[in-house]
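Notes for the one structure printed next.
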2 protein chains.
Amino acid sequence: MTKQRIAVLTAVHRHQHSPAENIVTYVRDELPNITVQSVYVVLADLTDIELLRKFQPPNTPALYETRASDNHHHALCVVCGRIEDVDCAIGEAPCLTPSETHGMSIIAADVVYRGICQSCRSSEEGTGSPDPHAAHAAPTSSGLTAH
Amino acid sequence: MTKQRIAVLTAVHRHQHSPAENIVTYVRDELPNITVQSVYVVLADLTDIELLRKFQPPNTPALYETRASDNHHHALCVVCGRIEDVDCAIGEAPCLTPSETHGMSIIAADVVYRGICQSCRSSEEGTGSPDPHAAHAAPTSSGLTAH
DNA sequence: ACCGTTATTCTGAGTCGCTCACAATAAGAC
DNA sequence: GTCTTATTGTGAGCGACTCAGAATAACGGT
C-alpha cells in the first residue's frame with residue numbers, strides 16, 4: 001500500500017465512474033509527479049484485488065468505481081453519457097437465469113441500461129429534433145463523469 | 001446496395017460474432033480488393049440501418065451479428081472467449097425494470113452473461129489449477145469466433 | 001445510351017486508449 | 001543499515017478504429 005495507490009483509490013472514491021485520464025489529473029493534485037502509466041498499473045492492480053471495478057461502456061474509455069464487490073449494474077444516458085449505479089432489480093441475482101445457456105455455467109451477468117436522463121429529457125423537449133452532437137461537444141458545468 | 005455491402009452482410013451472416021478484421025478476410029474471398037476501411041464504413045452503415053448489430057465485449061474488438069432487431073443478449077465464456085446468443089429470460093423485456101433509475105427513462109438493457117462453456121469446463125477438470133492464460137494463447141481447434 | 005449528381009469506396013495518414021520492456025526507485029524484512 | 005522484492009517511472013509501441021480528401025461507381029433524367 002503505497003501513497004500512489006492510496007491516492008488513486010481516494011481519487012476514484014471521490015469521482016466515481018471516472019476514466020483513467022481523469023484519475024491522473026485528480027491524483028496529481030496530491031502527487032504532481034505521478035505518471036499516466038503508473039496510474040494505469042495501479043488501477044489494474046486495484047481492480048485485480050477487487051478494490052476497484054472496471055466498467056467498459058462502448059465508445060468510451062474504461063471507467064472505474066469503488067463499489068467493487070457487489071454485483072450492481074449501470075444506467076447510461078445515451079445523450080450526455082451520464083452514468084448511474086443501479087441495484088439488481090429482481091432479487092439477488094437478477095438476470096442470472098437466461099433461457100438457454102448452450103451448456104455454459106453462468107458466473108455473473110453484467111447489465112447496462114441505456115436510457116435518457118432527466119436533464120437531457122427536459123432539454124430535448126424544447127428542441128424540434130434533438131441534437132445528439134451537443135452532448136459530446138459541451139459537457140457544460142458538470143463533466144461527463146463528474147456528478 | 002452495392003456488392004461490397006452485400007458481401008459484408010453475407011459474411012457476417014455466415015460468421016456471426018466476428019470482428020471487423022475477420023470480416024475483411026471473409027469478404028476478400030469474394031472481393032479480393034476491398035479495403036479494411038471500406039469494411040469498417042460498411043459495417044457502421046449497416047449497423048446504423050439496423051441490419052447489423054454491434055457488440056462490444058471488454059478487451060475484444062467489436063463483434064458483428066445479423067440478429068439486429070430483436071433485443072437478445074450474449075453469453076461469453078471467460079476462458080475461451082466463445083460467444084453464444086441468449087434470448088431474454090423473464091418475458092419480453094427482462095431486466096427493464098431496475099430498482100432505481102435516478103430519473104432516467106430506460107430504453108433498453110444490454111446483458112452480458114459471463115460464464116464458462118462446456119468444453120472449457122471439461123478441459124479444466126483435469127487441471128489442478130486452471131490456467132486462464134492458455135485461453136488467450138491457444139484457441140485450439142475452434143477459433144475465438146468460429147463455432 | 002449518355003451525362004450529371006450523389007453516394008460509396010479507396011488511399012494514406014493519424015488518433016485514442018492502452019500495453020510492454022526495462023531501468024530507477026522506494027518499501028518492508030532481516 | 002543493508003538487501004531483496006515490489007512498485008514507479010521512462011519511453012517506445014500496438015491494436016482498433018477514425019478522418020480528410022481523391023477516385024470511382026451507382027442511380028436518375030433526358
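Only a predicted model underlies this, so the values are computations on that prediction, with no experimental measurement involved. Chain naming here is simple, since letters A, B, ... match the order of the sequence lines and numbering starts at 1 in each.
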task: Output all residues satisfying side chain to side chain donor-acceptor pair (under 3.5 Å) with B:S105, sequence neighbours left out; order by chain, then residue number.
output: A:R121
query: What class does the angle between the rings of A:H15 and A:Y26 fall in, given that below 30° is parallel, 30 to 60° is tilted and above 60° is perpendicular?
result: parallel
message: Checking B:M104 against A:V78 for the side chain to side chain contact (heavy atoms under 4.5 Å, CB included) test, could you report, in this order, the C-alpha distance in whole Å, the side-chain angles of both residues, the deciding distance, and whether it holds?
response: CA-CA 10 Å; B:M104 278 201 196; A:V78 296; over 6 Å; no
- request: Provide, to the nearest angstrom, the distance between the CG atom belonging to A:D48 and the P atom belonging to D:dA6.
  value: 15 Å
Close approaches to DNA chain C from residues 3-11 of chain A, in residue order (heavy atom, under 4.0 Å): none
- request: Go through B:L52 and B:T66 one step at a time and tell me if the side chain to side chain contact (heavy atoms under 4.5 Å, CB included) criterion holds.
  value: CA-CA 5 Å; B:L52 290 181; B:T66 48; 3.8 Å; yes
statement: Given the options A:T10, A:D45, A:V41, A:L43, A:R5 meets side chain to side chain contact (heavy atoms under 4.5 Å, CB included) only with A:D45
query: Within the distance-only criterion (no hydrogens, no angle test), does the side chain of A:Q16 pair as donor or acceptor with the backbone N or O of A:H13 below 3.5 angstrom?
result: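 Judged by distance alone, yes, a pair lies under 3.5 Å.
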- request: Using modelled atom types only, decide if a donor and an acceptor are shared between the side chain of B:R53 and the backbone of B:H72 within a distance under 3.5 Å.
  value: yes
task: Scan nucleotides 10-24 of chain D nucleotide by nucleotide, 5' to 3', and note B when protein non-hydrogen atoms come under 4.0 Å of the base, S if they reach only the sugar-phosphate, - if neither.
output: BBB---SBBB-----
query: Which distance, rounded to the nearest 0.5 Å, do you find between the CG of A:D110 and the CD of A:Q56?
result: 10.0 Å
message: Restricting to salt bridge (Lys or Arg N to Asp or Glu O under 4.0 Å), what partner residues turn up for A:D29, sequence neighbours left out?
response: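 For A:D29, no residue satisfies salt bridge (Lys or Arg N to Asp or Glu O under 4.0 Å) once neighbours in sequence are set aside.
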query: Would you say the side-chain atoms of B:D85 and A:H102 include a donor-acceptor pair closer than 3.5 Å?
result: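 Absent: no donor and acceptor within the cut-off.
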- request: For DNA chain C, note the earliest and the latest nucleotide, 5' to 3', having some atom under 4.0 Å of a heavy atom belonging to chain A.
  value: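 Span of nucleotides near chain A: C:dG17 to C:dC20.
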query: Do B:H74 and B:L76 touch side chain to side chain, with heavy atoms closer than 4.5 Å?
result: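 In short, these two side chains do not touch, never coming nearer than 4.5 Å.
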field: Axial bend angle, the helix from C:dA1-D:dT30 to C:dC30-D:dG1: five-pair end segments, nearest 10°
entry: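 For the helix from C:dA1-D:dT30 to C:dC30-D:dG1, the axes at either end differ by 30°.
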- request: Would you indicate whether B:E21, at its atom CD, is surrounded by more than 12 heavy atoms from other residues, nucleotides or ligands within a distance under 6.0 Å?
  value: no
